[in-house]
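Report on one structure; see the data block that follows.
Numbers for residues simply follow the sequence, beginning at 1. Only this structure's heavy atoms are used, side chains among them; waters, hydrogens and symmetry mates stay out. On a predicted model such as this, the values are computed, not experimentally measured, just so you know.
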Amino acid sequence: MFCTSFINVANELGAPSYVFYTCGATCLAFMLHVQSLFDRGEFDPAELKDSDAELAIPGLRDPLQGKQLPSVVVEADWLPTVMRHTRRTREAKGILVNTFHDFESQAVASLTTGQTPPLYTVGPIIDLKLKKGDMKGDRTAGETEIVDWLDKQPESSVVFLCFGSMGSFDEEQVKEIAIALEASGQRFLWSLRKPPQKGKPEFFPSEYDDVKEGLPEGFLDRTDGLGKVIGWAPQTRILAHPSVGGFVSHCGWNSTLESTWFGVPVATWPMHAEQQLNAVMLVKELEVAVEIRMSYRKTSGEVVPAEEIERGIRGLMAAENEGRRIKAKEMSDKCRKAVEDGGSSYHSIGRFIEDVITD
């Protein structure tokens, strides 16, 4: 999806071009719509950003508020680039999307009206080595320690906090998360990463030599037996564990698909890229998630207070959330059936192969 310049090479060779879209169909429908508005001079991110103004989006049941717009279209450095790639995506012979029909049926319908290249829903494409509850297989020493701890917890009792390969927070925000977890009284497993150093060409977070460095004094002692703080997390192994009952997530698309596969409900805390849109879809469209703050942007520098985080965690794990938990399990079943023989994605991949062969 960011390599559309190669369409020029394919054209020179007389070969068809297909785009593999690693985000979802809702994101694709949104980007195509915004690109049309942008090209007509009708999309002003500066005016919409952080506002309550509403924008109707193909593929979404309800309008999107300006403050919920994905970061990727409101950040000046990114907007021209993503618009250029989106514009060129329209030139492709077809678009393969990492999703499945039942997950984004409304968005898929909006993309199959003949106004865009043919769509192939081929997901979920995720790195799956485990089935729900299957903890066998090769493990590192760190993974073994994590799984052994999870094995001692009651079923669906642990909330897992993990914010992706780029997810980290400064000291002030970490303190608020720690206060929220302690006040909630909830069992937790927290993947805490060290932020890149300011002023240095570092992009991804790293590991603490000792996680105590990043935590409020005495936090580990006060939550001993209740929670566990780790560094890098083997996410699918954790989500597959029966003791995990909720996932506080940045709503990256891989994490969204993985939580769906394992039927784990989510508390949404988006940060970058298209994650705000994913959060809206999970909370409002599918009703398989609760909100911590759907409009959060990492670049804003704002700190989400402990009370807001605690409320989201309690809502995620509460008995009153059973309806969303049931919906998450039902969507998990549909997710797995999509890639089975005869499923929607299985059929879509076959249709793609047939179209390439007969082109």
Assess the side chains of [X] and [Y]: does a donor N or O sit below 3.5 Å from an acceptor N or O?
X: His85; Y: Thr4; answer: yes
X: Asn254; Y: Glu258; answer: no
X: Ser51; Y: Gln65; answer: no
X: Arg314; Y: Asn321; answer: no
X: Ser243; Y: Glu155; answer: no
X: Ser184; Y: Arg311; answer: no
X: Gln35; Y: Asp39; answer: yes

Taking [X] for the side chain and [Y] for the main chain, is one N or O donor matched with an acceptor at less than 3.5 Å?
X: Ser157; Y: Gln153; result: no
X: Gln68; Y: Met294; result: no
X: Glu42; Y: Leu37; result: no
X: Asp170; Y: Gln173; result: yes
X: Ser348; Y: Ser345; result: no
X: Thr116; Y: Leu111; result: yes
X: Asn98; Y: Ile125; result: yes
X: Glu47; Y: Asp44; result: no
X: Thr121; Y: Thr99; result: no
X: Glu104; Y: Thr26; result: yes

Common cluster, [X]/[Y], ILVMFWY with side-chain heavy-atom separation under 4.5 Å:
X: Val283; Y: Val264; value: no
X: Trp78; Y: Met166; value: no
X: Val280; Y: Val108; value: yes
X: Ile179; Y: Val211; value: no
X: Val159; Y: Phe262; value: no

Taking the six-membered ring of Phe219 (Phe, Tyr or Trp), confirm whether the NZ or CZ of Lys175 is under 6.0 Å from its centre and within 45° of its axis.
no

Contact between [X] and [Y] at the side-chain level, heavy atoms closer than 4.5 Å - yes or no?
X: Arg84; Y: Phe2; value: no
X: Phe30; Y: Ile57; value: yes
X: Asp52; Y: Lys67; value: yes
X: Arg293; Y: Glu302; value: yes
X: Pro270; Y: His250; value: no
X: Val356; Y: Pro16; value: no
X: Val266; Y: Val288; value: no
X: Leu79; Y: Phe38; value: yes

Could you check whether Asp102 pairs with Lys337 (Lys NZ or Arg NE/NH1/NH2 to Asp/Glu carboxylate O, under 4.0 Å)?
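Result for this pair is no, no salt bridge flagged.
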
For Arg88, is there an ion pair with Glu91 - N to carboxylate O distance below 4.0 angstrom?
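Looking at Glu91 and Arg88, the cut-off is met.
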
Does [atom1] in [X] sit with more than 12 non-hydrogen atoms of other residues, nucleotides or ligands closer than 6.0 Å?
X: Glu287; atom1: CD; value: yes
X: Tyr208; atom1: OH; value: yes
X: Glu322; atom1: CD; value: yes
X: Lys298; atom1: NZ; value: yes
X: Phe20; atom1: CZ; value: yes

Describe, in one word, how the ring planes of Phe352 and Tyr120 are oriented to each other, choosing from parallel (under 30°), tilted (30 to 60°) and perpendicular (over 60°).
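Rings of Phe352 and Tyr120: perpendicular, as their planes differ by over 60°.
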
Using the six-membered ring wherever Trp is involved, compare the ring planes of Phe103 and Phe100 and label them parallel, tilted or perpendicular (cut-offs 30° and 60°).
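Aromatic pair Phe103/Phe100 classed parallel.
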
From Gln276 CD over to Met271 CE, what is the distance, rounded to the nearest 0.5 angstrom?
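Result: 10.0 Å between the selected atoms.
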
Within this structure, what is the OG-CD distance for the pair Ser249 and Gln275, rounded to the nearest 0.5 Å?
8.0 Å

With side chain to side chain contact (heavy atoms under 4.5 Å, CB included) as the test, would you mind laying out the steps for Phe160 and Leu150 before giving the verdict?
CA-CA 11 Å; Phe160 172 44; Leu150 288 171; over 6 Å; no

Check whether the ring centres of Phe169 and Trp269 lie less than 6.0 Å apart, and answer yes or no.
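Close enough - the centres of the two rings lie under 6.0 Å apart.
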
Might you point out which heavy atoms bring Arg193 and Ser168 nearest each other, and give the distance in Å?
O-CB, 3.7 Å

How close do Gly312 and Val290 get, counting heavy atoms only, and between which atoms?
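Distance-wise, the nearest heavy atoms are O-CG2, 3.7 Å.
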
Verdict with supporting geometry, Trp190 and Lys228, side chain to side chain contact (heavy atoms under 4.5 Å, CB included)
CA-CA 6 Å; Trp190 180 8; Lys228 185 174 183 61; over 6 Å; no

